[in-house]
There are 2 protein chains.
Amino acid sequence: MAQMSKSYRHGQILKLIRGQAISTQEELAAELKKTGVETTQVTLSRDIRELGLVKTPDGYRQMSRKHGGPDLDTILAEFLQDVRVAQNLLVLKTSPGHASSLAIALDQEEWDEVVGTIAGDDTVLVIAPDAGTAQTLHGRLLGNLGE
Amino acid sequence: MAQMSKSYRHGQILKLIRGQAISTQEELAAELKKTGVETTQVTLSRDIRELGLVKTPDGYRQMSRKHGGPDLDTILAEFLQDVRVAQNLLVLKTSPGHASSLAIALDQEEWDEVVGTIAGDDTVLVIAPDAGTAQTLHGRLLGNLGE
DNA sequence: AATTATTATTCAGCACTATGAATAATAATA
DNA sequence: TATTATTATTCATAGTGCTGAATAATAATT
């Protein structure tokens, strides 16, 4: 049992720092090893930055609500199957069951052009302030895919 | 606008074959080009196999409900953050908003050991027939991660 | 059966992600 | 200030996913 995924490691890091005071990256590496996750200080330095952890007198803590999921580009590439515009709305289609993953990834970008999203099973409704902005969003989403 | 994601291309393929009779992979390539997706017969041959399309007198059709999303290993690697067992239940934690993606990926595997799943925001409840099987599943899920 | 059309597969290459060794930079301690 | 501890960054590498050119295999047509 050598390697675990980055996501799983992040989950275990958060779990550990919530339960105990861990003050150094090597200490964290040792605690992670106990959960079956083997990694080095280098990787943990990166993880800590990605998770937005800060060092307090009580050890590492999560200050922001940084969620640690994949970024929007990754999610778009993996799940987005169609984009249609209807006035100030965009209808995004995903592979079945994956709409909420896409919606949350989009929400977390906090684009000004997105008023809100509603996710179903394979459809995300994206609300834009107006039709023109909806068109802009259409281009932007597909543009992300094309790069 | 050179390349689109595989997922988007799959979405456009399904959309095209639902709307018209397309009988050859080169014809499909030409129609895809009109939607902004440039690709070759080689890639489409692969896509057609992955999507489980069959050739009918009316062109390519989708016969099975093959969903075309990422496979379970990919989803586990990306989203799974913790696994806990409680009797015949497993509680899977994901990064927020991604529980249903994980649940659907698991459902699609159709493991005998999984009676059913319930997905929330960041938690998937997996129901096993008994506590022993729940333990087996625990090992299997983490084993997938470790390979 | 020969030819052409279509599809599937092999091989090569590229891009991207993730990780660790080594080291640089920074912080803490004496 | 010197030393030690801790963290961040650079460089290199491995693995994975994906794609297309070339070609092999198969199917359809003449």
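Note on naming: letters A, B, ... go to the chains in the order of the sequence lines (proteins, then strands), and numbering restarts at 1 for each one. Note that these values count all heavy atoms, side chains included, but never hydrogens, waters or copies made by symmetry. From a predicted model like this one, the values you see are computed outputs, not experimental measurements.
- A straight line from CD of B:Glu27 to P of D:dA28 spans 16 Å, rounded to a whole angstrom.
- As rounded to whole Å, 12 Å separates atom P of D:dG20 from atom NZ of B:Lys33.
- For the OP1/OP2 pair of D:dC18 and a distance below 4.0 Å, the side-chain nitrogens and oxygens of B:Thr43 include no atom meeting the criterion.
- Heavy atoms of B:Ser23 sit under 4.0 angstrom from primed sugar atoms or phosphate atoms, though from no base atom.
- In this structure, A:Arg9 does not reach the C:dA18 phosphate: none of its side-chain N or O atoms is under 4.0 Å from OP1 or OP2.
- Not a single donor-acceptor contact under 3.5 angstrom links the side-chain atoms of B:Glu26 to the base of C:dA5.
- Between the C1' atom of D:dG20 and the CD atom of B:Glu38 lies a distance of 13 Å, rounded to the nearest Å.
- Using a 4.5 Å heavy-atom cutoff, the side chains of B:Pro70 and A:Phe79 are in contact.
- As a whole-Å value, the separation of B:Ile48 CD1 from D:dT19 P is 14 Å.
- Residue A:Lys6 is the one, among A:Val42 and A:Lys6, whose nearest nucleotide of DNA chain C lies closer to the 5' end (criterion: closest heavy atom).
- Side-chain contact check for A:Ser95 versus A:Gln81: some heavy-atom pair is nearer than 4.5 Å.
- The nearest whole Å value for the distance from the CD atom in B:Glu78 to the P atom in D:dG17 is 11 Å.
- A heavy-atom distance below 4.5 Å is found between the side chains of A:Trp111 and A:Leu106.
- Remark: C:dA30 base-pairs with D:dT1. Criterion, Watson-Crick or G-U wobble with two distances under 3.5 Å.
- In this structure, the CD atom of A:Glu50 is 12 Å from the P atom of D:dA8, given to the nearest Å.
- Checked by distance alone, A:Arg46 brings a side-chain donor or acceptor within 3.5 Å of a matching partner on the base of D:dT10.
- Look at NZ on A:Lys55: it is 13 Å from P on D:dA5, rounded to the nearest Å.
- Listed pair B:Tyr60 / C:dT6 fails the phosphate criterion, with no side-chain N or O lying under 4.0 Å from OP1 or OP2.
- To the nearest angstrom, P of C:dT9 lies 14 Å from CG of B:Asp47.
- Across all strands, B:Ser45 comes closer than 4.0 Å to base atoms (heavy-atom distances).
- Taking the side chain of B:Thr24 as heavy atoms from C-beta on, and the options C:dA8, D:dA8, C:dT6, the nearest nucleotide is C:dT6.
- When side chains are defined from C-beta on, A:Glu113 counts as touching A:Arg140, because their heavy atoms get closer than 4.5 Å.
- The side chain of B:Gln41 places no N or O atom within less than 4.0 Å of a non-bridging phosphate oxygen (OP1 or OP2) of C:dA5.
- Side chains of A:Ile13 and A:Tyr60 form no contact here, defined as non-hydrogen atoms less than 4.5 Å apart.
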